[in-house]
Colleague: 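What follows is a structure written as structure tokens; I'll ask about it next.
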Amino acid sequence: VLMATTTVHFEDKGQGFLRWAIRDGVVIESEMQGWIWEGCKVTAEPMVGQPLHIEHPKAGKLVMRYKVTSIETNQGAQA
């Protein structure tokens, strides 16, 4: 079974992450600060030029401060 993974790139405002990998609406990888962000649910479709809406397991519903700059979809991840 092939599982699609979406990579969302964020604008660089000096935060500790610039990219998240998302599968089935859940952040599965953050190149930095993964211990904070991995496992968060994305609650709205990512859109370029807009901040990402998420639900954090401990902090609840959040709107990220950093806008999405690009979105890539990889259909080839093997489950």
Side-chain angles (χ1 to χ4, degrees):
V1 175
L2 295 178
M3 301 282 292
T5 300
T6 301
T7 302
V8 174
H9 298 265
F10 295 95
E11 64 184 339
D12 187 355
K13 298 287 188 177
Q15 73 274 23
F17 60 89
L18 294 175
R19 179 180 69 247
W20 286 354
I22 301 166
R23 183 178 297 139
D24 294 329
V26 176
V27 178
I28 60 167
E29 181 183 344
S30 175
E31 90 278 16
M32 297 192 66
Q33 300 180 344
W35 58 278
I36 297 173
W37 305 113
E38 290 170 9
C40 288
K41 294 179 184 176
V42 177
T43 59
E45 187 71 26
M47 294 176 52
V48 172
Q50 299 297 316
L52 197 63
H53 293 248
I54 65 167
E55 188 168 343
H56 189 278
K58 294 182 180 177
K61 292 183 179 182
L62 302 170
V63 177
M64 301 304 292
R65 293 182 198 170
Y66 315 108
K67 293 179 182 174
V68 174
T69 58
S70 66
I71 301 167
E72 302 167 22
T73 300
N74 177 354
Q75 298 292 339
Q78 194 77 19

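Note: hydrogens, waters and symmetry copies are ignored here, and every other heavy atom, side chains too, is used. Residues take their numbers from the sequence shown, with the count starting at 1.
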Colleague: Between side-chain atoms of residues 54-66 and protein atoms elsewhere (two or more places apart, or another chain), which donor-acceptor pairs fall under 3.5 Å?
Modeller:
unit_1: H56; atom_1: ND1; unit_2: K58; atom_2: N; d: 3.0
unit_1: H56; atom_1: ND1; unit_2: A59; atom_2: N; d: 3.2
unit_1: H56; atom_1: NE2; unit_2: I36; atom_2: O; d: 3.0

Colleague: Heavy atoms only: give me the nearest Q75-A4 pair and the separation to one decimal.
Modeller: OE1-CB, 3.5 Å

Colleague: Please list, chain by chain and in numerical order, all residues satisfying side chain to side chain contact (heavy atoms under 4.5 Å, CB included) with T7, sequence neighbours excluded.
Modeller: H9, R19, E72

Colleague: Pairs under 3.5 angstrom only: tabulate donor-acceptor contacts from the side chains of residues 40-53 to other protein residues two or more places apart or in another chain.
Modeller:
unit_1: T43; atom_1: OG1; unit_2: H53; atom_2: O; d: 3.3

Colleague: Roughly how far, to the nearest 0.5 Å, is the CD1 atom of I22 from the CG atom of D24?
Modeller: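 One finds 11.0 Å between CG of D24 and CD1 of I22.
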
Colleague: Tell me, please, which residues at least two apart from S30 pass side chain to side chain donor-acceptor pair (under 3.5 Å).
Modeller: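 S30 satisfies side chain to side chain donor-acceptor pair (under 3.5 Å) with W20 only.
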
Colleague: Any idea which heavy atoms bring M32 and F17 closest together, and the distance?
Modeller: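 Nearest pair, atom of M32 first, then F17: O-CB, 3.8 Å.
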
Colleague: Can you tell me how far apart OG1 (T5) and CG (N74) are? Round to the nearest 0.5 Å.
Modeller: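 Between T5 OG1 and N74 CG, I get 6.0 Å after rounding to 0.5 Å.
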
